[in-house]
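Input: a single structure, listed below in structure tokens.
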Protein chains: 2
Amino acid sequence: MEELWWNHRLHDAGFRLTHPREIIINILRNTDKHLSAEDIYIKALKINPSIGLTTVYRTLDLFNQIGVVQKFDFGDKRSRYELIKNPQKQEHHHHLVCIQCKTIIDYNNFMKEELELMNKTEKALSKIHHFMIMHHVINFYGLCKNCQTSA
Amino acid sequence: MEELWWNHRLHDAGFRLTHPREIIINILRNTDKHLSAEDIYIKALKINPSIGLTTVYRTLDLFNQIGVVQKFDFGDKRSRYELIKNPQKQEHHHHLVCIQCKTIIDYNNFMKEELELMNKTEKALSKIHHFMIMHHVINFYGLCKNCQTSA
DNA sequence: TTAATTGCAAACGGTTTGCATGGGC
DNA sequence: GCCCATGCAAACCGTTTGCAATTAA
């Protein structure tokens with residue numbers, strides 16, 4: 001059951017595997033999109049109409065805290081959530097955000113070059129500004145294929 | 001009066017130079033911080049106690065639209081605003097965000113290298129994903145000098 | 001003069017919290 | 001049976017909007 005590492009993570013952290021949590025995990029497993037809490041809520045309702053939006057928020061927050069889910073902020077107000085595929089290898093990637101339809105595409109090209117620049121930058125900035133960098137965010141904003149043609 | 005280009009910009013765009021607008025411009029001129037709407041509102045109250053928070057929001061939005069102010073989002077909920085120093089030369093810079101005290105430091109080291117990587121990336125991504133990139137955001141998150149020692 | 005701008009109060013939208021009920025272990 | 005987890009309603013917080021009063025040009 002290598003696939004179900006999140007269940008073990010939940011258990012190891014002392015939390016129960018409840019029905020809403022299963023539903024939400026499965027929704028996240030079966031999408032390549034970056035869903036908002038409400039997106040997830042709407043999908044969850046179709047599986048169990050008695051689920052509450054509050055539970056979705058609390059579950060996502062829990063998953064984020066125990067490292068099962070990553071929370072993103074792309075500048076529209078809603079937070080968006082992505083299931084971490086493999087907890088071992090920190091698969092570092094970035095996002096293309098369509099400013100029109102809000103679609104988000106993952107990409108991981110030029111990671112070597114990026115890593116080089118980031119290391120260099122981080123080293124310099126910690127010297128110049130005595131700033132200890134923990135992580136960085138790179139986002140590209142523009143128009144996706146569809147929204148270019150429709151515009 | 002080279003310094004007061006924002007007034008001309010306002011006028012050229014067909015807007016009035018009102019008292020609240022002057023106050024807000026001056027607050028932004030006299031800080032190196034990235035103030036939120038409320039930060040600005042509190043400072044403005046000391047100059048004119050009858051100013052309204054709504055006006056601050058509307059003014060900042062207007063300034064953003066006519067290119068006098070840049071609006072940023074650093075992941076805490078509030079938007080933050082920075083006066084554009086020189087409208088001619090697009091001074092491109094990025095931010096170090098302290099995750100503890102929320103201080104934001106501007107930096108512009110390694111801009112040549114960054115620009116290279118960004119151009120390369122943008123070109124490749126537009127090919128691979130047919131994505132037309134309009135702008136990008138790079139933020140570093142970590143601990144500033146003070147918060148390292150106090151932690 | 002008179003249309004743009006303001007301040008107030010109320011609405012808004014995403015998220016969080018208090019609390020009584022319900023469900024895993 | 002014990003507590004964690006849930007759902008509901010209400011609070012929260014930054015921001016926006018409707019509207020009547022005010023003000024810059």
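First the proteins, then the strands, lettered A, B, ... as listed; each starts at 1. Small disclaimer: the values here were computed from a predicted structure and weren't measured.
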Exercise. Determine the sole option in Gln70(A), Glu82(A), Arg80(A) for which the side-chain hydrogen bond (donor to acceptor under 3.5 Å, both in side chains) test with His34(A) is passed.
Key: Glu82(A)
Self-check item: Protein-nucleotide distance (Leu53(B), atom CG; dC12(C), atom P), rounded to Å
Solution: 19 Å
Quiz item: Given atom CG of Asp61(B) and atom C1' of dT5(C), what is their separation to the nearest angstrom?
Solution: 14 Å
Quiz item: Within this structure, what is the CD1-to-P distance between Ile24(A) and dA5(D), rounded to whole angstrom?
Solution: 13 Å
Self-check item: Side-chain (Thr149(A)) to main-chain (Asn146(A)) donor-acceptor, under 3.5 angstrom
Solution: yes
Quiz item: Given atom OH of Tyr41(B) and atom P of dC8(C), what is their separation to the nearest angstrom?
Solution: 7 Å
Exercise. Report the relative orientation of the aromatic rings in Tyr141(B) and His135(A); use parallel for angles under 30°, tilted for 30 to 60°, perpendicular for over 60°.
Key: parallel
Practice problem: Round to a whole Å and report the spacing from CZ of Phe74(A) to P of dG14(C). | Solution: 17 Å
Quiz item: Please give, in whole Å, the distance from dT16(C) C1' to Lys71(A) NZ?
Solution: 11 Å
Quiz item: Within the pair Thr54(B) and dT16(D), is there a side-chain N or O less than 4.0 Å away from OP1 or OP2?
Solution: no
Practice problem: Can you figure out which of dT6(C), dC19(C), dT16(D) approaches the side chain of Arg58(A) most closely? | Solution: dC19(C)
Quiz item: Using the ring of each side chain (for Trp, its six-membered ring), is His95(B) parallel, tilted or perpendicular to His93(B), with breaks at 30° and 60°?
Solution: perpendicular
Practice problem: Using atom CG of Asp73(B) as one end and atom P of dC13(D) as the other, report the distance to the nearest whole Å. | Solution: 19 Å
Self-check item: Integer-rounded Å distance: dC25(C) P and Phe15(A) CZ
Solution: 14 Å
Quiz item: Looking for any heavy atom pair under 4.0 Å, which part of the strands does Arg78(B) touch: base, sugar-phosphate only, or nothing?
Solution: sugar-phosphate
Practice problem: Please answer whether the main-chain N or O of Phe140(B) pairs with a side-chain N or O of Glu122(A) as donor and acceptor at a distance below 3.5 Å. | Solution: no
Quiz item: For dT15(D), does OP1 or OP2 lie under 4.0 Å from any side-chain N or O of Ser79(B)?
Solution: yes
Exercise. Kindly indicate whether the side chain of Arg16(B) and the base of dA3(C) share any N or O donor-acceptor pair separated by less than 3.5 Å?
Key: yes
Practice problem: Give the nucleotide from the list dG7(C), dT15(D), dG14(C) with an atom nearest to the side chain of Ser50(B). | Solution: dG7(C)
Quiz item: Are OP1 or OP2 of dG14(D) and a side-chain N or O of Ser36(B) less than 4.0 angstrom apart?
Solution: no
Quiz prompt | Tyr57(B) vs Arg21(A), nearer the 5' end of DNA chain D by closest nucleotide | solution = Arg21(A)
